[in-house]
Amino acid sequence: MKQSQLFTHTLKESPRDEVSLNAQLLIKAGYIYKEMAGVYSFLPLGLKVLNKIEKIIREEMDDIGGIEMRTSVFQNQEVWQKSNRWDDSVVDNWFKTKLKNGTEVGLSFTNEEAYANILKQYINSYKDLPAYPYDFKTIFRNEARSKSGIFRGREFYWKALYSFSKDEEEHYEFYDKAKEAYRKIFQRVGVGDLTYLTFASGGSFSKFSHEFQTLTKAGEDTIYIDEKKGIAVNKEVYTDEVLKSLKLDKNNLVERKAVEVGNIFSLGTKFSAPFNLKYVKPDGKEDLVVMGSYGIGLGRLMGTIVEVLADDQGIIWPKSVAPFQVHLIDLRTKRDDKIYQILQKQGFEVLYDDRKISAGIKLKDADLMGMPYRLVQSDKLGDKLELKRRGSKEINLYSEKEIIKVLQE
RNA sequence: CGGGGUGUGGCGCAGUUGGCUAGCGCGCUUGGUUUGGGACCAAGAGGUCGUGGGUUCGAGUCCCACUACCCCGACCA
């Protein structure tokens, strides 16, 4: 796309009311727009990143048997009363509103009940199981205080998968697959090396849940990491007893700040019981379905990528989630879009800075916006093109023909 | 929800003990000169000073209430 057609532009200074690095950079570079505390709109560039992340998550979910669908945002109070999670005294961060006829409805803050209720309609036999439906959806939570920029909002976009299994064995078989899928996701979006499988509180049906925590001082969580084993323990369950059960030695653990980018949870029959979600086994007897939940906040993950990889010049996107692979900077006196067209035809995602402004601004913007490759056209280079990887200092010159091969690497 | 802080053109800020037509930088528009790390000159446009009330001859400035945003804490299936 031609940058002159992009209505957003970069800011020279950070907005006063934004302190967290992730939101500062994303706002300055034109990826997101702050509507109010904890609520952000995604601008064209931001949506591109979000879509890339979504695609990666979708691929990994589909790979382990996930089936995408979409649950509604409006939720029926009768459904949630079954699990006793409608009342504000039980869950105090619901956003609720009323229909014209006075009926009270809620805006989704999570999906367990919605899925249990829907699946109740279709799960009858062991032949219907297991089932792994999931959705991408905007979720609303009336947080007392939003904070950390895009890390904790009142409205956010997430992926939630729920597993419906015949028994514990089948459940944990999938649970372990989900762990691996999550590892792949975080690896693919570029934060894998900083992301630890973390033991956290599990609720009534399992001793632990598992969180995926990415190290960053901007994180709200404190975790204790065993570097050698590659696992961590959340402060909320950091006790001698827990360490013993996990065979971790306190002396090998280091305390770090981290942000929870994903979690997986064994729910047992916590929700299948109130919804009477049962199936008939081959022997004719009935049993409750065993559930699990698997969530990833996409906006938070996007913010984490920014937070963890940025340098003092701006954002550095991994190729996998960058809105464009190549930022083509035209510094020539007489510009034409020949190279841009060629690269487009070759299938590269190119942001072409064709604006009539000074070189300095273009180069600064390129650093701030963080595309993986910066390709410069300039009078002093003649027919050569200058390639620089964002975050690297190395600069190389290539001919028109060479550049295509190099970019395809 | 408790404590603290801040609201002044699009963005970042200044505005003294209340005083004249509310300034500065960036950005924007027009013209000209520039062109490899946020260029320069000239001329312009753009403001309910968060909202409401009060004190006063006079309020961006003082008082009260409200509201929004930020930070710390509590909370976070």
Side-chain angles (χ1 to χ4, degrees), chain A residues 7-20 23-24 27-28 30 33-40 75 80 83-88 90-94 106 108-116 139-149 151-154 156 158 160 162 200-205 209 211 218-221 234 236 259-260 263-267 270-271 291-295 297 300 312-314 329-335 353 355-369 374-381 384-386 388 393 395 397:
Chain A
F7 69 85
T8 59
H9 55 83
T10 59
L11 299 176
K12 213 164 177 177
E13 287 160 302
S14 297
R16 183 224 320 254
D17 64 1
E18 202 63 76
V19 171
S20 70
Q24 274 191 3
I27 289 171
K28 281 172 74 174
Y33 174 82
K34 183 177 197 165
E35 295 289 350
M36 61 186 86
V39 180
Y40 297 87
Q75 291 290 311
W80 293 77
S83 58
N84 192 32
R85 285 212 292 180
W86 175 256
D87 200 277
D88 287 346
V90 181
V91 176
D92 67 359
N93 62 2
W94 270 102
S108 289
F109 74 97
T110 185
N111 282 349
E112 285 85 359
E113 281 83 346
Y115 273 100
I139 283 291
F140 302 89
R141 290 186 188 178
N142 204 344
E143 300 281 353
R145 180 186 163 206
S146 63
K147 60 185 290 193
S148 309
F151 277 8
R152 179 138 77 120
R154 298 197 164 94
F156 57 94
W158 83 356
Y162 295 89
S201 59
S204 43
F205 281 88
S209 69
E211 298 173 339
E220 291 183 42
D221 291 339
N234 194 305
E236 66 189 21
V259 57
E260 182 186 342
N263 67 19
I264 61 177
F265 226 97
S266 290
L267 298 171
K270 183 176 177 182
F271 295 96
M291 287 176 63
S293 77
Y294 313 80
R300 177 181 281 190
D312 57 2
Q313 294 302 307
I329 312 288
D330 198 342
L331 300 182
R332 297 172 302 175
T333 322
K334 290 180 181 171
R335 289 182 289 276
D353 194 345
R355 297 175 299 170
K356 294 174 184 173
I357 49 171
S358 74
I361 293 178
K362 290 187 180 184
L363 297 171
K364 284 279 186 189
D365 275 358
D367 285 345
L368 177 60
M369 294 166 81
R374 187 186 83 187
L375 193 58
V376 175
Q377 293 178 281
S378 161
D379 291 332
K380 78 176 189 185
L381 298 174
K384 296 279 185 183
L385 295 156
E386 174 193 293
K388 180 176 170 296
K393 288 188 174 171
I395 288 177
L397 296 180

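So that the names make sense, note that chain A is the first sequence line, chain B the second, and so on, each numbered from 1. As the structure is a prediction and not an experimental result, all values here were calculated from the model.
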Separation of the [atom1] atoms in [N] and [M], to the nearest angstrom:
| N | M | atom1 | value |
| --- | --- | --- | --- |
| B:C28 | B:G73 | P | 40 Å |
| B:A42 | B:U55 | C1' | 47 Å |
| B:C41 | B:C24 | P | 15 Å |
| B:A45 | B:U30 | C1' | 10 Å |
| B:U34 | B:C40 | C1' | 7 Å |
| B:G38 | B:C26 | C1' | 10 Å |
| B:C63 | B:U56 | P | 16 Å |
| B:C57 | B:G18 | C1' | 12 Å |

**Asked** Quick one: side chain to side chain donor-acceptor pair (under 3.5 Å) partners of A:Ser14, sequence neighbours excluded?
**Response**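 Side chain to side chain donor-acceptor pair (under 3.5 Å) list for A:Ser14, sorted by chain: A:Gln24.
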
**Prompt:** Looking at residues at least two apart in the chain, or sitting in another chain, which of them share a side chain to side chain donor-acceptor pair (under 3.5 Å) with A:Glu143?
**Reply:**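 A:Arg152.
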
Counting Watson-Crick and G-U wobble pairs only, both distances under 3.5 Å, name the nucleotide matched with [N], or none.
| N | value |
| --- | --- |
| B:C69 | B:G5 |
| B:G19 | B:C57 |
| B:G10 | B:C26 |
| B:A74 | none |
| B:A39 | B:U33 |

**Message:** Tell me whether the rings of A:Trp80 and A:Phe109 are parallel (<30°), tilted (30 to 60°) or perpendicular (>60°).
**Reply:**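 Answer is tilted, since the angle falls between 30° and 60°.
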
**Request:** Classify every nucleotide of nucleotides 25-39 of chain B by which part a protein heavy atom approaches to under 4.0 Å, writing B for the base, S for the sugar-phosphate alone and - for neither, in 5'-to-3' order.
**Result:** BS---------BBBS

**Request:** Scan nucleotides 42-51 of chain B nucleotide by nucleotide, 5' to 3', and note B when protein non-hydrogen atoms come under 4.0 Å of the base, S if they reach only the sugar-phosphate, - if neither.
**Result:** ----------

**Complete:** Applying ring pair (Phe, Tyr, Trp, His ring centres under 6.0 Å) to A:Phe140 and not counting sequence neighbours gives none

**Prompt:** Which whole-number value in Å describes the distance from A:Ile27 CD1 to B:G10 C1'?
**Reply:**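 Interatomic distance, CD1 of A:Ile27 to C1' of B:G10: 14 Å.
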
**Item:** Between C1' of B:G10 and NZ of A:Lys34, the distance in whole Å
**Value:**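 It is 17 Å, rounded to the nearest whole Å.
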
Polar atom pairs (N or O), protein with nucleotides 75-77 of chain B, under 3.5 Å:
unit_1 : atom_1 : unit_2   : atom_2 : d
B:C75  : N3     : A:Arg152 : NH2    : 3.4
B:C75  : N4     : A:Arg152 : NH2    : 3.3
B:C76  : O2     : A:Arg152 : NH1    : 3.1
B:A77  : N7     : A:Arg141 : NH2    : 2.6
B:A77  : N6     : A:Arg141 : NH2    : 3.3

**Message:** salt bridge (charged side-chain N to carboxylate O under 4.0 Å, His left out) for A:Arg374 and A:Glu386? Distances and angles first, verdict last.
**Reply:** CA-CA 8 Å; A:Arg374 187 186 83 187; A:Glu386 174 193 293; 3.2 Å; yes

**Item:** Nearest-nucleotide 5' precedence on RNA chain B, A:Ser14 against A:Glu18
**Value:** A:Ser14

**Message:** Let me spell it out: for each of A:Pro15 and A:Glu35, pick the nucleotide of RNA chain B with the closest heavy atom. Which residue's pick is nearer the 5' end?
**Reply:**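 Looking at RNA chain B, the more 5' nearest nucleotide goes with A:Pro15.
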
**pair A:Glu236-A:Glu211: side-chain heavy atoms closer than 4.5 Å** =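 They are in side-chain contact.
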
**Item:** Contact check, side chains of A:Lys12 and A:Lys364, non-hydrogen atoms, under 4.5 Å
**Value:**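 They are not in contact (no side-chain heavy atoms under 4.5 Å apart), so the answer is no.
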
**Item:** SB check A:Arg355 A:Asp365 (cutoff 4.0 Å)
**Value:** yes

**Message:** Less than 4.0 angstrom from a charged side-chain N to a carboxylate O is my criterion; do A:Glu112 and A:Arg85 meet it?
**Reply:**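 Yes.
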
**Prompt:** Do A:Met36 and A:Arg154 pass the side chain to side chain contact (heavy atoms under 4.5 Å, CB included) test, and can you show the C-alpha distance, the side-chain angles, and the key distance before you say yes or no?
**Reply:** CA-CA 10 Å; A:Met36 61 186 86; A:Arg154 298 197 164 94; over 6 Å; no

**Request:** Take A:Ser20 and A:Glu18 through the side chain to side chain contact (heavy atoms under 4.5 Å, CB included) test and state the conclusion after the steps.
**Result:** CA-CA 6 Å; A:Ser20 70; A:Glu18 202 63 76; 4.0 Å; yes

**Request:** Please assess A:Val259 against A:Arg300 for the test side chain to side chain contact (heavy atoms under 4.5 Å, CB included), listing each intermediate value before the final yes or no.
**Result:** CA-CA 9 Å; A:Val259 57; A:Arg300 177 181 281 190; 3.7 Å; yes

